Amino acid sequence: MFTGFQQQMAVLLQILDGVKSYGDQNLLDNASATIHDGMKVGFIGRNGAGKSTLLRVLLGDEELDSGEVVRGTHLQVGYLRQHDPFNPGESALEFLMRDSGQPDWKCGEVAGQFELKGDYLNGPVKDLSGGWQTRVKLAALLLHEPNLLMLDEPTNFLDLRTQILLEHFLVNFTASCLIVSHDRAFLTATCDQTLDLNRGKLTLYPGKITPYLEKIEEDKIRDQRTNAAVISKQKQLQKFIDKNKARATSASQARSKQKQLDRLQTKEIEVDLPTASIKAPVVEPRQGPALICMDLAIGYDGVAVASDIEIEVEHQQRAAIVGDNGQGKTTLLRTIVDSLKPVSGKVKWGYGCKIGTYAQHVYTTLPQEQTVLEYLEYTSMPGITTQDCLNVAGSLLFKGAHVNKPIKVLSGGERARLCMAGLLLGDYNILILDEPGNHLDVETVESLANALLKYKGTVIFTSHDRHFVQRVATNVIEVRDGGARNYGGNYEAYLYMVNKEITEGERERAGNKLAAPPAEKTSGGAKAALSGKDQHNARKQQRNLEKTIARLDGQKKEMNAEMLKTSDAKKAMDLHNQINAIQVELSEAEEKWCELSQELGDW
């Protein structure tokens, strides 16, 4: 599909001594880097460092103040733009044919790589969710046969399935890529080189992001040790010089030592840029159910998007709500916090629950005329002082004059941080977080994850950031195919399941899928459904098994952690035997849960 290399490792794109400033901010300071054929480069840097500006420069949408951009004669760039390129009433297939000039069969073949088929391919493209529209845009890029893909935060707002589809595609993509992303797992899977923009300088490292970040940290520690040794030597030499420079017998030695001292130089070590430091509210830990949904149906204007929802969240759990875009994750969140009425059924909160909500509709409707400090003082619980508000504001990078900024001039990221600061000043023992990582830089998201791990309350959240969910979630609620349920496994198991489904779909498209065994038949031609009473009992048994699995999994993790810490051989052996016994019990419970899921038609 893609053109071959016109010459081995030819230069595709190059920036030489690039300088670019906005006001007094120097985004590029004699920055240089080269991308050759076949390179897959992950482009990293702090928010505001200038990554998007550099992409616009490389695309020719902006000019450098000085320096040069060199483009190879065979360069064919594919850039994933954020604007809407679709015509009213146009189907995805019609758009692909119009945009690329390729025939319908070719467009359909490429679209199939992103599971675009049926109504998704032939229905109005403007009716698709943002994630599905991104799939259409990616298919359009490929139809132009680029030899350099430039993607700016491609995983933002994409559901897990679309992220994994894109990841699988990029792994097999034979041409070059330049990918801006905060998602380290995504960059690790797709890119074999790392480009870092830091304080106006570009560094191209011939390896993946994790070894690069480890090297940066190792270099910093080595330089600190070297400086410590140099400073110690400088003091020693200075002491000798001060003692001997006035003596006739040793003055020449002192002059020699002075020359030696003059040659000793410490290395300049960059001061770390400011990073948010988030601390979760301190609350009394509680036991028992925090949230119970009974026969719940959710949706809009009386039309359900998901129904028959029977889920339970215990106090101190951190439940991740997962599923494809458009399935109803945010609808479920809005329903449980009563900003959206149920179509039917009940949502019941435990006694003494104080609920704090973080969602896009919250931080886009903040009071425009209030300042940062006024907002925090207004939202904080009684007893919180102005100094407390200033401390929390400072921890989220609102320092000095920034606390007197009116909300109307804040960026999206600043508003998101301000909303987070307001939550932290409350005494909420339940936190509902809808995509908390959107508009926050990677360091702030990492700080939030650390805070939530120490939080003694209950967290129910959605996130497209796999690394964040893996770190934070203790259990998973899946919204899928018109329903929602407590998923039996952890997030790792859920990721494995989605990956497996996508891989099998790719094999099927390639014609390599093995023939499936014939379906089990009953006298009626299909497996008989459970009766209403039997189904109720099976659901109850399934929920009990989920609690058992969670309890056993928790015990196993605690014992594994204890075994890693102990130096007592006998105790380690005892723990090992206990872990094996728990694993047997856990496997039996998981097997029984799977059997019930099949009987209930969940799979």
Side-chain angles (χ1 to χ4, degrees), residues 111-118 120 129 131-132 134-135 138-139 154-155 158-173 183-190 306 319-329 462-520 527 542 545-546 549-550 553 556 583 586-603:
Q113 294 182 57
F114 295 97
E115 295 185 349
L116 287 161
K117 50 192 173 185
Y120 290 98
S129 68
W132 283 96
T134 300
R135 297 189 193 196
L138 286 166
T155 61
L158 294 186
D159 59 49
L160 174 65
R161 198 171 298 270
T162 306
Q163 285 185 38
I164 293 175
L165 274 170
L166 177 58
E167 191 175 285
H168 283 204
F169 163 73
L170 290 170
V171 167
N172 296 309
F173 185 61
D183 188 333
R184 293 180 185 178
F186 183 80
L187 290 181
T188 297
T190 57
I321 299 179
V322 301
D324 293 352
N325 284 352
Q327 292 286 329
K329 300 190 300 293
T462 66
S463 176
H464 288 131
D465 185 330
R466 281 176 282 174
H467 176 71
F468 179 79
V469 180
Q470 279 177 311
R471 286 206 63 203
V472 172
T474 59
N475 55 306
V476 173
I477 296 169
E478 183 183 30
V479 183
R480 181 176 183 178
D481 299 332
R485 66 188 180 97
N486 286 101
Y487 185 76
N490 58 16
Y491 189 66
E492 288 285 348
Y494 180 72
L495 280 178
Y496 175 80
M497 183 267 292
V498 174
N499 254 304
K500 185 178 177 184
E501 287 180 0
I502 289 172
T503 302
E504 287 175 353
E506 289 167 343
R507 284 177 185 161
E508 187 175 15
R509 284 194 300 276
N512 294 330
K513 188 177 182 183
L514 297 173
E520 181 182 342
K527 192 170 181 177
Q542 190 184 46
L545 281 167
E546 285 164 359
I549 290 167
D553 193 49
K556 183 181 169 187
Q583 183 58 55
L586 187 59
S587 298
E588 289 173 355
E590 287 173 342
E591 188 175 343
K592 182 61 180 173
W593 185 90
C594 290
E595 290 172 4
L596 285 169
S597 294
Q598 288 177 318
E599 288 177 19
L600 288 162
D602 292 342
W603 295 357

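Numbers for residues simply follow the sequence, beginning at 1. For the numbers below, each heavy atom of this structure counts, side chains included, while hydrogens, waters and symmetry mates do not. Note that the structure is predicted; figures quoted are calculated from it, not measured.
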Taking only residues two or more places apart in sequence, or in another chain, which ones meet Asp481 in a side chain to side chain donor-acceptor pair (under 3.5 Å)? none

Partners meeting side chain to side chain donor-acceptor pair (under 3.5 Å) with Arg471 (sequence neighbours left out): Glu446, Asn450

Thr474: which residues meet the side chain to side chain contact (heavy atoms under 4.5 Å, CB included) condition with it, sequence neighbours left out? Gln317, Arg318

Checking Glu167 now: which residues fulfil salt bridge (Lys or Arg N to Asp or Glu O under 4.0 Å) with it, not counting sequence neighbours? Arg466

When rounded to the nearest 0.5 angstrom, what is the spacing between CG in Leu187 and CG in Leu170? 10.0 Å

Report the residues that fulfil ring-ring contact (aromatic ring centres under 6.0 Å, His included) with Phe468, sequence neighbours left out, ordered by chain and then residue number. Phe461

Can you check whether Val479's main-chain N or O pairs, donor with acceptor, with Lys329's side chain at less than 3.5 Å? no

For Glu501, what residues pass the salt bridge (Lys or Arg N to Asp or Glu O under 4.0 Å) criterion, not counting sequence neighbours? Arg161, Arg480

Side chain to side chain contact (heavy atoms under 4.5 Å, CB included) between His464 and Asp183: does it pass, once the steps are laid out? CA-CA 10 Å; His464 288 131; Asp183 188 333; over 6 Å; no

Set of residues satisfying side chain to side chain donor-acceptor pair (under 3.5 Å) with respect to Thr155, sequence neighbours excluded: none

Let me have the donor-acceptor pairs involving side chains of residues 488-498, under 3.5 Å, with sequence neighbours excluded, atom names and distances please.
| residue | atom | partner | partner atom | Å |
| --- | --- | --- | --- | --- |
| Asn490 | OD1 | Glu492 | N | 3.3 |
| Asn490 | OD1 | Ala493 | N | 2.9 |
| Glu492 | OE2 | Gln470 | NE2 | 2.7 |

Those residues at least two apart in sequence (or on a different chain) that pass side chain to side chain donor-acceptor pair (under 3.5 Å) with Asp159 are Thr162

